[in-house]
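Values in this document were obtained by computation on a predicted structure and should not be read as measured data. Residues: numbered from 1 along the sequence shown.
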Amino acid sequence: MSALFNFQSLLSVILLLICTCAYLRSLFPSIIDRNKTGLLGTFWKLARIGERKSPWVGAACLIMAFTVLFWS
């Protein structure tokens, strides 16, 4: 089933995008920061969410990992 139609899969994809963008911005800040508008600006916004809300994103990742491993 596609991640668009399954809510748990959609949340997993969004969390992975946030974590990946924040990690890539820490390694290569010039690549992410040069595209702040448009379609590629979405990755900059996801990186900002990952940086500013990192304790909440980390907690969400732990909860998602728990539900994928033990609930599904």
Side-chain angles (χ1 to χ4, degrees):
M1 194 172 204
S2 176
L4 295 175
F5 300 117
N6 187 353
F7 186 68
Q8 184 177 2
S9 298
L10 179 65
L11 284 179
S12 297
V13 168
I14 290 171
L15 281 172
L16 285 172
L17 276 172
I18 289 172
C19 294
T20 303
C21 289
Y23 178 70
L24 287 176
R25 188 175 186 278
S26 70
L27 291 179
F28 310 109
S30 62
I31 293 175
I32 300 292
D33 287 342
R34 108 177 76 153
N35 300 315
K36 292 185 180 179
T37 58
L39 183 62
L40 293 177
T42 305
F43 299 119
W44 178 77
K45 290 175 187 173
L46 290 171
R48 295 297 286 182
I49 291 170
E51 291 170 353
R52 292 185 177 181
K53 305 285 185 190
S54 60
W56 293 102
V57 171
C61 287
L62 287 175
I63 292 169
M64 184 58 68
F66 179 77
T67 58
V68 166
L69 288 175
F70 299 114
W71 193 313
S72 298

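Not one N or O on the side chain of T20 forms a donor-acceptor pair closer than 3.5 Å with the backbone of L17.
Residue M64 is grouped with residue F7 when hydrophobic side chains (ILVMFWY) are merged at heavy-atom distances under 4.5 angstrom, including chains of intermediate members. Linking ILVMFWY side-chain heavy atoms closer than 4.5 Å, directly or via other members, places L46 and V13 in a single hydrophobic cluster.
Residue pairs satisfying the salt bridge (Lys or Arg N to Asp or Glu O under 4.0 Å) criterion with at least one member in residues 6-20, sequence neighbours excluded, are absent.
Taking CZ of R48 as the start and NZ of K53 as the end, the distance is 12.0 Å to the nearest 0.5 Å. A distance of 12.5 Å separates CD1 in I49 from OG in S54, rounded to the nearest 0.5 Å. Between the CD1 atom in I63 and the CG atom in L11 there is a gap of 11.0 Å [rounded to 0.5 Å].
Nearest heavy atoms, V57 versus G50: CG2-CA, 4.5 Å.
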What pairs of donor and acceptor atoms, side-chain ones from residues 22-31 against any protein atom, are under 3.5 angstrom apart with sequence neighbours left out?
residue, atom, partner, partner atom, Å
R25, NE, D33, OD1, 2.8
R25, NH1, E51, OE2, 2.7
R25, NH2, D33, OD1, 3.1
R25, NH2, D33, OD2, 3.0
S26, OG, Y23, O, 2.6

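Looking at residues two or more places apart in sequence or on another chain, you find a side-chain contact (heavy atoms from CB on, under 4.5 Å) between I14 and L10, I18.
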Checklist line | Worked verdict on R34 versus L40 for side-chain contact (heavy atoms from CB on, under 4.5 Å) | finding: CA-CA 9 Å; R34 108 177 76 153; L40 293 177; over 6 Å; no
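Other cluster members for I32: W44, joined by side-chain heavy-atom distances under 4.5 Å among Ile, Leu, Val, Met, Phe, Trp and Tyr.
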